[in-house]
Participant: 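Can you keep this structure in mind? I'll have questions shortly.
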Amino acid sequence: MGGQAPQAPDRRRYLILAICCMSLFIVGLDNTIVNVALPSIRRELHASVPQLQWTIDSYTLVLASLLMLSGSMADRFGRARVFKLGLVLFTIGSLLCSLAPTVQLLIFFRMVQAVGGSMLNPVAMSIIRNTFTDARERAQAIGIWAGVIGVSLAMGPVLGGALVDAGSWRSVFWVNVPIGLIAAALTWRFVPESKAPRARRIDPVGQLLVIVLLAGTVYAIIEGPSHGWLSAEILGLFALAAAAVGALIHYERRRVDPLIDVRFFASVPFSGATVIAIAAFVALGGFLFLNTIYLQNGRGLSPFHAGLYTLPMAAMTLVVGPLTGRLVGARGARPSLVLGGGAILLSGLMLTGLTATTSPVWLLSSYVIFGIGFGSVNPPITNTAVSGMPPAQAGVASAVASTSRQVGQSLGVALVGAIAVVATTDPQILATGTHPGWWLVTGCGLLIVALGLVTTTAWALDTATATAARLCEDEPSGHPPGQIGAEQPVAASVGV
């Protein structure tokens, strides 16, 4: 079953698209719906703030670590087969999360969820690319797929709040079970099998080094405040992460099919897009984590009303995202990156003076501005990453951008939890304690503006062109290291 599957009839192709969108919906929903349940989880399971951070980061860290591996597995062993396995694991993980008797088991089951989730979105994108062979229809299908991201982002806080108010925090995981089961049954019945013409070899050493790097860094940041930043354990973890970076660069340079082709980073647009993706999602992760605790514990709102407060942010992201795509097509990435970074900066700055009685109008205005900023930054990230790259390498470059998004969200939760003071029941102390986190969001916005200006200059584009030329020269056969054939998963192209 190598290469592309035969062109399916129209009705069946759009049913396959709907199945893929269901997977995106539950994974996207899970990124925001769990945040609303954190205060309830803390009360029922007697969780500490670091344990709440791990409830989020155990999921995003595993997801970030395994995205590229899952894409390679799907190309080698079959996309429908890996997709079905992902749905089963994600559904089982969700069910186990809903039954978790302790916060430690909840964190572990979130990791099971993430293993399944890593097999869904990048693999579903490959299925869509393989099913819609006509370029125009494929573009329309990807547009529908992208729209689901905004819907899941908008629905997460509100649906999560309603479920927690009506039942308990466990219900935010129950919602995944029927959707996952239906999607799995439909996949078995309707999604044809396909594989890449040339499957990329799995890189276990590179994969292990990435896991050590990400887990060591995030663990050190989350546990640093309690263990002491200069303690032997924390310094050792940072040293381990640094050693993993060095080993990864050394090893990947010598591998024919590397997990991450380090030569890409000679391109300023690619390196800049990677940092922009991390900064944008640090801001998003911090925004969601801080607001959940502030609105419910600081202002006494119910989970549902706290979800309603953040709805304007999600709505603006949903509206601005497609408009930004058109702007990028007409004017390039610079206007969107500068506008978006500036809006994130302004939103963070507005919240650096947060109090327990800050005007709702001021709060909602800052949320709207953040939504405009995030909606403007997210779409051009992949466009910037692939600027000047050979077409055959665009998939690899965008897959790294997708991984960077998940890394950023993990770091955002870890960093704001480390620098903010939210382990208090006093509303005013809690509100004041969030200020360092909002300064972090402000700094992320400033960084995005600076990189948006630098990575779109003629000099930066010249480095991308030179990198592309070297990639082609190094592999005359047309399969440079890091390429996964014509069907590289490109979940990043829609901001997953």
Side-chain angles (χ1 to χ4, degrees), residues 57-79 81-82 85-86 89 111-112 114-119 121-123 126 195-196 198-220 236-267 270-271 274 277-278 385 392-393 395-408 410-411 467 470-471 474-475 477 479-485 487-492:
D57 274 358
S58 59
Y59 179 84
T60 53
L61 258 181
V62 172
L63 202 63
S65 299
L66 299 182
L67 277 174
M68 298 184 75
L69 173 63
S70 295
S72 298
M73 288 176 57
D75 285 338
R76 178 172 291 276
F77 300 114
R79 301 182 182 106
R81 182 177 291 113
V82 172
L85 177 61
L89 283 176
M111 295 170 70
V112 175
V115 173
S118 73
M119 300 179 188
N121 292 351
V123 180
S126 282
K195 298 178 182 179
R198 175 187 176 270
R200 180 186 190 180
R201 285 182 289 180
I202 293 173
D203 180 4
V205 175
Q207 184 65 62
L208 178 62
L209 289 171
V210 167
I211 292 172
V212 170
L213 166 61
L214 296 180
T217 302
V218 172
Y219 187 94
L237 285 168
F238 280 127
L240 181 63
V245 172
L248 184 67
I249 294 172
H250 177 79
Y251 178 78
E252 297 295 280
R253 278 179 173 170
R254 288 157 177 77
R255 186 174 169 83
V256 174
D257 276 337
L259 183 72
I260 301 173
D261 194 332
V262 295
R263 297 176 301 169
F264 285 5
F265 290 94
S267 163
F270 177 82
S271 298
T274 302
I278 292 173
Q393 294 288 7
V396 184
S398 57
V400 174
S402 181
T403 300
S404 300
R405 290 176 168 97
Q406 297 297 333
V407 171
S410 298
L411 288 175
T467 301
R470 284 195 298 271
L471 289 171
D474 289 347
E475 190 64 37
S477 66
H479 292 293
Q483 182 181 346
I484 312 180
E487 293 298 326
Q488 168 71 16
V490 197

Participant: For Leu69 versus Leu259, what's the shortest heavy-atom pair and its separation?
Facilitator: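 Leu69 and Leu259 have their closest heavy atoms at N-CD1, 4.4 Å.
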
Participant: Any idea which heavy atoms bring Thr403 and Met68 closest together, and the distance?
Facilitator: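 Looks like OG1-CG, 3.7 Å.
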
Participant: Which distance, rounded to the nearest 0.5 Å, do you find between the CG of Leu209 and the OG of Ser65?
Facilitator: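 Spacing of CG (Leu209) from OG (Ser65) equals 11.5 Å.
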
Participant: How long is the gap from CE on Met111 to CG on Leu61, to the nearest 0.5 Å?
Facilitator: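 That separation rounds to 8.5 Å.
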
Participant: Tell me the closest heavy-atom pair linking Leu248 and Gly206, and the distance in Å.
Facilitator: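 What the structure gives for the nearest pair is CD1-O, 3.8 Å.
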
Participant: Under 4.5 Å between any side-chain heavy atoms of Phe264 and Thr274, yes or no?
Facilitator: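 Heavy-atom side-chain distance check fails, nothing below 4.5 Å.
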
Participant: Here's a test for you: under side chain to side chain contact (heavy atoms under 4.5 Å, CB included), which of Val407, Leu411, Thr60 qualifies with Leu214?
Facilitator: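 Answer after filtering Val407, Leu411, Thr60: Val407.
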
Participant: On a heavy-atom basis, which atom in Ser118 and which in Leu66 lie closest, and how many Å separate them?
Facilitator: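 Ser118 and Leu66 have their closest heavy atoms at OG-CB, 3.6 Å.
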
Participant: Quick one: closest heavy-atom pair of Thr467 and Ser267, and the distance?
Facilitator: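 Looking at all heavy atoms of both residues, the shortest contact is OG1-N, 3.3 Å.
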
Participant: Starting at CG of Asp203, measure out to OH of Tyr251 and round the result to the nearest 0.5 Å.
Facilitator: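 Taking CG in Asp203 and OH in Tyr251, the distance rounds to 5.0 Å.
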
Participant: Check Glu252 against Ile260 and note the closest heavy-atom contact, atom names and distance.
Facilitator: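 That closest heavy-atom pairing would be OE1-N, 3.0 Å.
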
Participant: I need the Gln406 CD to Asp57 CG distance, nearest 0.5 Å.
Facilitator: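 Nearest 0.5 Å value for the CD-CG distance: 10.5 Å.
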
